[in-house]
Amino acid sequence: MVGLTAVGTAISTLIPYDYLADQIDFAEDPGPYPEEGTAEEQKRWNQTKEEYDLTQSLQELLAGLEEEKPIHLTIAVLTSAIGIVAIYLLSQQRRMGFNVAYAWVIVSSIGQIVQSIRMIEFYQLVPTEESIPISIQIGSQIGGVLVCNLIYLSVLVVCAINSKGIPFEESGFHQKQSME
């Protein structure tokens, strides 16, 4: 996961959102609605206005993504640094590696939740008739983050318990009988 975070961060850092926004042919503002125009003129104005609104939303989205880069990069670097330290300590078979790995899961979860919440303004740019409600999108993202990271945490806890060498209590159904 640390490697994937680093690769994803590198890719998103290299994407020039501001350059992409400049390369898009933006529709021109159609002006005021032709109230006394023909049905064809009104239909054409509606189509032009829809294209104009869509390109404006796209431009705002790309500008917002460019503005979010420093925050995204900071969270990813912090998460990756903690993950690399955890990997190193665990590869050296040091018990402290599990504590750092727990910290990695917590910091990673917080970072992902913060990024999900910050994406609310971008979800609002998507036309409502074509998307599911924002509250459901955010809720499902946060729920997914929590479930995945709880699974990571449970795997770490099981590995930590197994590495201590603490014997599990034997089952009453599988006790060895003395042959004496």
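Residues take their numbers from the sequence shown, with the count starting at 1. Since we're looking at a predicted model, the values are computed, not measured.
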Can you sort out the partners of Glu67 under salt bridge (charged side-chain N to carboxylate O under 4.0 Å, His left out), two or more places apart, ordered by chain and number?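 Checked Glu67 against salt bridge (charged side-chain N to carboxylate O under 4.0 Å, His left out); zero matches.
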
In chain order, what residues pass the salt bridge (charged side-chain N to carboxylate O under 4.0 Å, His left out) check against Lys49, with sequence neighbours excluded?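 With neighbours one apart ignored, the set is Asp53.
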
Kindly assign one of parallel, tilted or perpendicular to the pair Tyr33 and Trp45, based on the angle between their ring planes and the thresholds 30° and 60°.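 Plane angle over 60°, so perpendicular.
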
Atom [atom1] in [X], atom [atom2] in [Y]: separation rounded to 0.5 Å?
X      : Y     : atom1 : atom2 : result
Arg95  : Leu89 : CZ    : CG    : 12.0 Å
Ile82  : Ile87 : CD1   : CD1   : 12.0 Å
Thr13  : His72 : OG1   : NE2   : 6.5 Å
Leu156 : Asn99 : CG    : CG    : 10.5 Å

Residues two or more places apart in sequence or in another chain: which of them pass side-chain contact (heavy atoms from CB on, under 4.5 Å) with Val77?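 Per chain and number, Val77 pairs via side-chain contact (heavy atoms from CB on, under 4.5 Å) with Leu73.
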
I'd like to check the side-chain contact (heavy atoms from CB on, under 4.5 Å) partners of Glu66; sequence neighbours left out, ordered by chain and number.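 Testing Glu66 for side-chain contact (heavy atoms from CB on, under 4.5 Å), a comparison that skips the adjacent residues, returns Tyr17, Asp18, Lys69.
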
Are [Y] and [X] co-members of a hydrophobic cluster defined by side-chain heavy atoms under 4.5 Å apart?
X      : Y      : result
Ile71  : Ile11  : no
Val107 : Val157 : yes
Val145 : Ile106 : no
Tyr102 : Val105 : yes
Val155 : Val100 : no

Count the heavy atoms belonging to other residues, nucleotides or ligands that lie under 6.0 Å from CD of Gln93, then report whether that count exceeds 12.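 No, because the 6.0 Å sphere around CD of Gln93 holds 12 heavy atoms or fewer from other groups.
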
If the condition is ring pair (Phe, Tyr, Trp, His ring centres under 6.0 Å), which residues does Tyr88 pass it with, not counting sequence neighbours?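 Once residues adjacent in sequence are excluded, Tyr88 has no partner under the ring pair (Phe, Tyr, Trp, His ring centres under 6.0 Å) criterion.
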
Determine whether Leu146 and Ile113 satisfy the following criterion, side-chain contact (heavy atoms from CB on, under 4.5 Å), listing intermediate values before the conclusion. CA-CA 9 Å; Leu146 292 175; Ile113 290 171; 3.8 Å; yes

Any residue meeting side chain to side chain donor-acceptor pair (under 3.5 Å) with Ser108, in chain and number order, not counting sequence neighbours: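 Ser108 satisfies side chain to side chain donor-acceptor pair (under 3.5 Å) with Gln112 once adjacent residues are dropped.
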
Taking all atoms of both residues into account, what is the closest heavy-atom pair of [X] and [Y], and its distance?
X      : Y     : value
Ala86  : Gly97 : CB-O, 4.1 Å
Ser163 : Phe98 : OG-CE1, 3.4 Å
Gly83  : Val2  : CA-CG2, 3.5 Å

Let's go through Trp104 and Val85 carefully: what are the C-alpha distance in whole Å and the side-chain angles of both, what is the deciding distance for side-chain contact (heavy atoms from CB on, under 4.5 Å) to 0.1 Å, and is it a yes or a no? CA-CA 9 Å; Trp104 172 76; Val85 170; over 6 Å; no

For Ser109, which of Leu150, Ile142, Asn149, Leu153 qualifies under side-chain contact (heavy atoms from CB on, under 4.5 Å)?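 Output: one option passes, namely Asn149.
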
